[in-house]
Amino acid sequence: FRVAELLLGRGIAHFDEAVVVDDDDGIRGMAVHGGQDFPVFPGCRRLAGRASGRLDGTVADILEVKGTEVYAIGPRETVYDAVVKMSSCRVGALPVMDGARLVGIVSERDYTRRVMLLGRNSRDTPVADIMTAEVITVAPETSLGECLHIVTRNNVRHLPVLSGDE
């Protein structure tokens, strides 16, 4: 688990407690919120203090550790193909790309709510039919604190990162 994904996905803006070690092996530690433990990943510069919940750093810091490989799906591909790709890539959402243009995002939650619960066939349903077309994005220089505010304010779990128009 990565603390940023967990915390951003849950809209947590503060922690009950945080313990962080910064040494030659990088930054690591644990944040505790509501009785749950959240590991701190090496790309997080600092997670400081009791009850502050302040994340220093930017999206670029996370990408430096995580990498910049993008797994995507096309709008005309089937939902089944999207679910298979999410599973094989071990991700919970995929940007939907029409060529080099971001046209939406599709998640496991979209599949559950817009296909499975409605009795639709994932092999016959195009991704375009279930994706979220209005995608909220961030730039590499966006602060982690701002990301927390964005996901909380907009009730979203995934923030695709765009550098310019790509």
Side-chain angles (χ1 to χ4, degrees), residues 1-13 26 28 31 33-34 36-45 47 55 57-166:
F1 294 100
R2 292 176 189 87
V3 72
E5 290 174 358
L6 284 168
L7 300 177
L8 293 175
R10 295 176 190 209
I12 295 172
R28 62 190 186 286
H33 180 78
Q36 290 185 303
D37 295 337
F38 298 95
V40 176
F41 64 99
C44 182
R45 287 193 185 145
L47 179 59
L55 282 174
T58 66
V59 172
D61 297 327
I62 293 174
L63 294 176
E64 189 176 310
V65 173
K66 182 179 181 258
T68 58
E69 185 172 3
V70 176
Y71 306 109
I73 192 100
R76 290 172 286 289
E77 293 184 64
T78 68
V79 171
Y80 179 83
D81 293 334
V83 172
V84 167
K85 191 167 202 171
M86 282 186 264
S87 177
S88 67
C89 297
R90 299 175 52 98
V91 297
L94 294 169
V96 181
M97 304 294 293
D98 192 1
R101 191 169 64 93
L102 178 67
V103 295
I105 189 164
V106 64
S107 69
E108 294 166 330
R109 182 176 279 189
D110 293 327
Y111 165 73
T112 303
R113 293 180 177 176
R114 298 177 184 160
V115 176
M116 190 179 78
L117 290 178
L118 298 178
R120 297 172 80 176
N121 185 331
S122 64
R123 292 180 188 266
D124 297 333
T125 304
V127 167
D129 286 3
I130 71 159
M131 71 182 188
T132 300
E134 292 185 27
V135 182
I136 298 169
T137 63
V138 295
E141 59 273 6
T142 305
S143 74
L144 297 181
E146 178 62 18
C147 290
L148 283 170
H149 291 295
I150 291 169
V151 297
T152 301
R153 191 172 49 238
N154 296 285
N155 195 29
V156 296
R157 292 178 174 258
H158 307 281
L159 291 174
V161 180
L162 295 182
S163 182
D165 288 334
E166 52 181 75

Problem - Non-neighbouring partners of Asp110 that pass salt bridge (Lys or Arg N to Asp or Glu O under 4.0 Å), sequence neighbours left out - result: Arg114
Handout entry: Closest non-hydrogen atom pair, Ala139 against Val161
Key = C-CG1, 4.1 Å
Fill in the blank from the handout: Correct closest heavy-atom pair for Val135 and Pro160 would be CG1-CG, 3.6 Å
Problem - Side-chain heavy-atom pair Pro140, Thr58 within 4.5 angstrom cut-off - result: no
Handout entry: Any residue meeting side-chain hydrogen bond (donor to acceptor under 3.5 Å, both in side chains) with Arg76, in chain and number order, not counting sequence neighbours
Key = Asp98
Practice task
Decide yes or no for Val79 and Arg120: does some side-chain heavy atom of the first lie under 4.5 Å from some side-chain heavy atom of the second?
Solution key: no
Practice task
Could you tell me which non-hydrogen atom of Cys147 sits nearest to which non-hydrogen atom of Val59, and how far apart they are?
Solution key: SG-CG2, 3.5 Å
Fill in the blank from the handout: The salt bridge (Lys or Arg N to Asp or Glu O under 4.0 Å) partners of Arg113 (sequence neighbours excluded) come to none
Practice task
With rounding to the nearest 0.5 Å, note down the distance linking CG in Leu63 to OG in Ser163.
Solution key: 10.0 Å
Problem - OG1-CG distance between Thr142 and Leu159, expressed to the nearest 0.5 angstrom - result: 8.5 Å
All N/O donor-acceptor pairs, side-chain side in residues 87-95, below 3.5 Å, sequence neighbours left out:
from	atom 1	to	atom 2	distance (Å)
Ser88	OG	Val84	O	3.3
Ser88	OG	Lys85	O	3.2

Problem - Side-chain touch Ser107/Arg157, heavy atoms, less than 4.5 angstrom - result: no
Practice task
Could you check if a side-chain atom of Met97 sits within less than 4.5 angstrom of a side-chain atom of Leu102, using non-hydrogen atoms only?
Solution key: yes
Problem - Inter-residue atom distance Arg153.CZ - Leu148.CG, 0.5 Å rounding - result: 11.0 Å
Exercise for the section: Measure the spacing between CG of Asn155 and CD1 of Ile150 and express it to the nearest 0.5 Å. Expected result: 14.0 Å
Problem - Over 12 foreign heavy atoms within 6.0 Å of CZ, Arg123 - result: no
Problem - Which residues share a side-chain hydrogen bond (donor to acceptor under 3.5 Å, both in side chains) with Asn121, sequence neighbours left out - result: Asp124
Which donor-acceptor pairs under 3.5 Å do side chains of residues 67-74 form with protein atoms, sequence neighbours excluded?
none

Practice task
Check the pair Val83 / Ser122 against side chain to side chain contact (heavy atoms under 4.5 Å, CB included), numbers first and verdict last.
Solution key: CA-CA 9 Å; Val83 172; Ser122 64; 5.8 Å; no
